[in-house]
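Contents: one structure, followed by commentary.
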Amino acid sequence: ESTPQEVEALFELAKPLTRARAAVPAMKRRAPVELERQILRLLVAHPIFAIELDEAALAAISWSAPDGGIMLRQLVSTAAELKEQASFASLVEILRNQGADFDELIAEIAAQSESDATLARLELAGAVRQTTMKMLKSEQDQLAAAGLVDEAAKARYREIMMQIER
């Protein structure tokens, strides 16, 4: 376990963080899977990306998450608090103070060489798009299974088809 001073020295933090947030209450969460895990890894490694996600992307990712997006929202709000200090090292310091939910992801990222931000941003965009398409397809399937009984259902079905085709 590294001390905050060791992390600051190791990552040469110009403005070390001194405030500590209260830990998120411990509860049994299911681990993130597939695309959500990929997205979380990218956001931990490049916290500035978390600030750039819009509400539609957050909703789509949360929809597919086993925990309903709790970890994602925690990560995004923590990264948003950092603003210009949003770096892997500063985010890790805060996440570790909040609990052990992100420890496995942090260890994986720390064990790898630094990733290219441009490629990571493209990978994130692709993963968010895939998640959004899964959500739209699921809604489309539900509408079709219900029989498209009214004009609102038919209009929503057409709207989803147009979004999928984009």
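Hydrogens, waters and symmetry mates play no part in the numbers below; they use all other heavy atoms, side chains included. Residue numbers start at 1 and run along the sequence shown.
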### Query
With the 4.5 Å side-chain cut-off for hydrophobic clustering, are Ile109 and Leu95 part of the same group?
yes
#### Entry: hydrophobic_cluster_shared for Trp63 and Met71, side chain cutoff 4.5 Å
no
### Task
Looking only at non-hydrogen atoms, find the nearest pair between His46 and Ala117 and report the distance.
CE1-CA, 3.9 Å
Under 3.5 Å, which donor-acceptor pairs do the side chains of residues 119-127 form with other protein atoms, sequence neighbours left out?
unit_1, atom_1, unit_2, atom_2, d
Arg121, NE, Glu52, OE1, 3.3
Arg121, NH2, Glu52, OE1, 2.9
Arg121, NH2, Glu52, OE2, 2.8
Glu123, OE2, Gln38, NE2, 2.9

### Task
Identify the two heavy atoms, one from Ala153 and one from Asp150, that lie closest to each other, and give their separation to 0.1 Å.
N-OD1, 2.8 Å
### Query
Taking atom OG of Ser90 and atom CD of Glu81, what is their separation to the nearest 0.5 Å?
11.5 Å
### Task
Quick one: pull up OG in Ser62 and CD1 in Ile70 and give me the separation to the nearest 0.5 Å.
9.5 Å
### Summary
Closest heavy-atom pair, Ala60 versus Thr131, reported as atoms and distance to 0.1 Å, is O-CG2, 3.1 Å
#### Entry: Beyond-backbone contact of Thr132 with Gln163, side-chain heavy atoms, under 4.5 angstrom
no
### Query
Under the 4.5 Å side-chain heavy-atom rule for ILVMFWY, direct or indirect, which residues accompany Leu143?
Met133, Leu136, Leu148, Tyr157, Ile160, Met161, Ile164
### Query
Shortest non-hydrogen contact from Leu43 to Ala50?
CD2-N, 3.6 Å
### Task
Run the salt-bridge test on Glu159 and Arg166 with the 4.0 Å N-O cut-off and return the result as yes or no.
no
### Query
Should Ile106 and Leu82 be regarded as members of a common hydrophobic cluster, given that ILVMFWY residues are connected when their side-chain heavy atoms come within less than 4.5 Å of each other, either directly or indirectly?
yes
### Task
Report yes if the side chains of Val92 and Phe102 come closer than 4.5 Å at any heavy-atom pair, otherwise no.
no
### Task
Give the minimum heavy-atom separation between Ala59 and Arg73, together with the two atoms involved.
N-NH2, 3.9 Å
### Query
Mind checking whether Leu58 and Val128 sit in one hydrophobic cluster, side chains of I, L, V, M, F, W, Y counted as touching below 4.5 Å?
yes
## Note on the structure
Rounded to the nearest 0.5 Å, the CG atom of Leu72 sits from the CG atom of Leu53 at a distance of 7.0 Å
### Message
When you measure from the side chain of Thr78 to the backbone of Gln74, do you find a donor-acceptor pair of N or O atoms at a distance under 3.5 Å?
### Response
yes
### Query
Glu36 and Ile39: side-chain contact (heavy atoms from CB on, under 4.5 Å), yes or no, with the steps?
CA-CA 5 Å; Glu36 185 204 12; Ile39 292 167; 5.7 Å; no
### Task
Indicate the atoms forming the closest heavy-atom contact of Ala86 with Ile51, along with that distance.
CB-CD1, 4.4 Å
### Pairs meeting criterion salt bridge (charged side-chain N to carboxylate O under 4.0 Å, His left out) with involvement of residues 105-118, two or more places apart
Arg37-Glu108, Arg41-Glu108
### Step-by-step side-chain contact (heavy atoms from CB on, under 4.5 Å) determination, Leu91 to Leu75
CA-CA 9 Å; Leu91 181 66; Leu75 175 60; 3.6 Å; yes
